[in-house]
2 protein chains.
Amino acid sequence: MASETPPTGTTKTTDPHAGRPYDRSGDALILAATLDLLAERSYERVTLDDVAARTGKAKTTIYRRWATKDDLVLAATRSIGQPPEVAELPDEGTLRSDLLAVVDSPWLGGPARRIVIFAGLLSAARSSPALSDAIRLEITEPYVDVYRRILERAIDRGEIPPQLASRVPILADVIPAMSSHRSSTSGGVIHRDFFVAVIDDVLLPALGAGAT
Amino acid sequence: MASETPPTGTTKTTDPHAGRPYDRSGDALILAATLDLLAERSYERVTLDDVAARTGKAKTTIYRRWATKDDLVLAATRSIGQPPEVAELPDEGTLRSDLLAVVDSPWLGGPARRIVIFAGLLSAARSSPALSDAIRLEITEPYVDVYRRILERAIDRGEIPPQLASRVPILADVIPAMSSHRSSTSGGVIHRDFFVAVIDDVLLPALGAGAT
DNA sequence: CTATTACGCTACTCCTCAGTAGCGTAATAG
DNA sequence: CTATTACGCTACTGAGGAGTAGCGTAATAG
């Protein structure tokens, strides 16, 4: 079922490869265009003809790589990978600057585009449980986890009193939740001011850090 | 365009009404079923055949009232009306109990169903700007406004220091944002504990009210 | 009673879209 | 060179779903 990578390049059934080779360079292009379209319209309104038109590839070529639309979207999801902050947690010295570092991360093209892509993935998640699981496990959970780890490290550093540790799990959700909600209700672009306000007016005060 | 109420009952073109009258009782049933379906699947996956099947009405009957699917969903949105708290702000004495009163409101069948209906409306909002505007103006904004007014009244009562007034607009969004996000990511039902945690671990501490 | 209008039903049209078939051509291996 | 396999293209199938036509029947007014 999961036919993401048809020929492995080695150990083919008959012949390693004779004939014209796969144009691997096109794959990234197709997956990126799929994500872009998903960010623009909802999952159900993205057609494979759209993807073909935008990439200049033939629809049949796309189907030669991914058997179904769901497979394509799944592969596009997987192509995102995890946020770089998972591998290397930002360490700017203070909790506030650490949070801003995650907000300002260029991952997925920066905050504005990142939010919109998340919204697109969210619409896709409603269409298939497999897709939903993949998005949750590979994208949203690791991302929220970055915030969680940053908050916990602030406790370790003594920046936050340890008795507030129980609030960390729910507070780690605040920035993603607020920005997703803002994006989906107010339709337009989200400015950096909004993220700053969430941090300064919600998150940090909830940790007793702001000037109450 | 807005053909919500075909015959006004008075001042018809030809005749006030001769013949079999409209079955008005069916309208509420149809709109309610539309909302239910919208809560179950996304907008694009709700078909008028579904609505017809669930209500026992004929699809043609539905089309005699609402010209298009969008008109039907728009009417269903309008049928929700505003939360009762808009007309009468809960006054339980403390900010915390006021917030819980809104959370526990039976509006739209209580918190669990309310959140799910909101999610359905959100998916509909992506399909038409007119629908999006109606949902925002008539549902989400009045609802958030209830939280805003409750917070402001807490300032008036001296429960919150007035210099935190600038935080109120963004804090009014916290409960709707967190619950929508939780609902759309974790798929399942939302328990009351979650709302309580948002209030006790996020909202109230951000106002300097919790035991920091 | 007749006239009128709504209802339910079946069957249809039209369109979009996922996925496929087949062909001519481009790129590689040997 | 030939053999092989991928590509782009056009054209197609088939399903699903919005919206419509027409008919027989139910409910009202007069």
Side-chain angles (χ1 to χ4, degrees), chain A residues 1 3 5-10 12-27 29-30 33-34 37-38 41-76 124 127-128 131, chain B residues 1 3 5-10 12-27 29-30 33-34 37-38 41-76 124 127-128 131:
Chain A
M1 52 175 82
S3 58
T5 36
T8 53
T10 58
K12 266 300 293 298
T13 330
T14 48
D15 203 331
H17 54 160
R20 180 174 177 168
Y22 277 89
D23 181 5
R24 286 293 171 192
S25 68
D27 290 18
L29 181 67
I30 293 169
T34 303
L37 285 166
L38 227 36
R41 350 191 207 293
S42 65
Y43 171 86
E44 354 249 343
R45 307 185 54 145
V46 174
T47 75
L48 279 176
D49 289 292
D50 292 338
V51 179
R54 181 162 298 194
T55 55
K57 302 292 178 183
K59 186 166 63 160
T60 45
T61 298
I62 301 175
Y63 274 108
R64 278 186 195 105
R65 296 231 186 341
W66 302 281
T68 67
K69 180 179 174 180
D70 273 17
D71 276 354
L72 172 63
V73 173
L74 186 61
S127 89
S128 134
L131 219 41
Chain B
M1 51 178 81
S3 59
T5 37
T8 53
T10 59
K12 266 300 293 299
T13 330
T14 50
D15 202 331
H17 54 160
R20 179 173 178 170
Y22 276 88
D23 181 5
R24 287 293 172 191
S25 68
D27 290 19
L29 181 65
I30 293 169
T34 303
L37 285 165
L38 228 35
R41 350 191 205 292
S42 66
Y43 171 85
E44 353 249 343
R45 306 186 56 144
V46 174
T47 75
L48 281 188
D49 290 292
D50 291 338
V51 179
R54 181 162 300 194
T55 57
K57 303 292 177 184
K59 185 167 61 161
T60 46
T61 299
I62 301 175
Y63 274 108
R64 280 186 193 104
R65 298 233 186 337
W66 302 282
T68 67
K69 180 179 175 181
D70 273 17
D71 277 353
L72 172 65
V73 173
L74 185 60
S127 90
S128 133
L131 217 44

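Residue numbers start from 1 in every chain, and the chains themselves are labelled A, B, ... in the order their sequence lines are given, proteins ahead of strands.
Distance R65(A) CZ to dT5(D) P: 16 Å, rounded to the nearest Å. The distance between atom CZ of R41(B) and atom P of dG16(D), rounded to the nearest whole Å, is 14 Å. One interatomic measurement links the two molecules: OH of Y22(B) to C1' of dT5(C), which rounds to 8 Å at whole-angstrom precision. The CG-P distance, from D23(A) to dT28(C), rounds to 9 Å in whole Å. Taking atom CD1 of I30(A) as the reference point, atom C1' of dA6(D) lies 12 Å away to the nearest angstrom. Taking atom CG of residue L72(A) and atom C1' of nucleotide dC17(C), one finds them 15 Å apart after rounding to whole Å.
Atom OG of residue S127(B) and atom CD of residue E44(A) lie 11.0 Å apart, to the nearest 0.5 angstrom. To the nearest 0.5 Å, the span separating CG on L48(A) from CH2 on W66(A) amounts to 10.0 Å. Rounded to the nearest 0.5 Å, atoms CG (L74(A)) and CG (D71(A)) are 6.5 Å apart. Here I62(A) contributes atom CD1 and L72(A) contributes atom CG; the two are 6.5 Å apart, rounded to the nearest 0.5 Å. Summarising the geometry, atom CZ belonging to R45(A) is positioned 13.0 Å from atom CG belonging to L38(A); distances are rounded to the nearest 0.5 Å. Atom OG1 of T34(B) sits about 10.0 Å away from atom CZ of R54(B), to the nearest 0.5 Å.
In this structure, K69(B) and G19(A) both approach DNA chain D, and ranking their closest nucleotides by distance from the 5' end singles out G19(A).
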Between the protein and nucleotides 20-26 of chain D, list the N/O to N/O atom pairs that are separated by less than 3.5 angstrom.
residue, atom, partner, partner atom, Å
dA26(D), N3, R20(B), NH1, 3.2

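Which of dC7(D), dA27(C), dG19(C) sits closest to the side chain of P21(A) comes down to dA27(C).
Under the salt bridge (Lys or Arg N to Asp or Glu O under 4.0 Å) criterion, R41(B) pairs with D50(B), not counting sequence neighbours. By the side chain to side chain contact (heavy atoms under 4.5 Å, CB included) test, A53(A) is found to be paired with no residue, residues two or more places apart in sequence or in another chain being considered. Every residue meeting the side chain to side chain donor-acceptor pair (under 3.5 Å) condition with Y43(B), not counting sequence neighbours, appears here in chain and number order: D70(B).
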Discussion item. Test side-chain contact (heavy atoms from CB on, under 4.5 Å) on V51(B) and L37(B); report intermediate values, then the result.
Written reply: CA-CA 8 Å; V51(B) 179; L37(B) 285 165; 3.7 Å; yes
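For DNA chain C, the neighbouring residues in residues 44-54 of chain A, judged by any heavy atom under 4.0 Å, are V46(A), T47(A), L48(A).
Across R65(A), R64(A), K57(A), a single residue satisfies salt bridge (Lys or Arg N to Asp or Glu O under 4.0 Å) together with D23(A), and that is K57(A).
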Worksheet entry | Dot-bracket encoding of pairs in DNA chain C, which uses [ ] for pseudoknotted crossings and | for another strand, Watson-Crick or G-U under 3.5 angstrom | ||||||||||||||||||||||||||||||
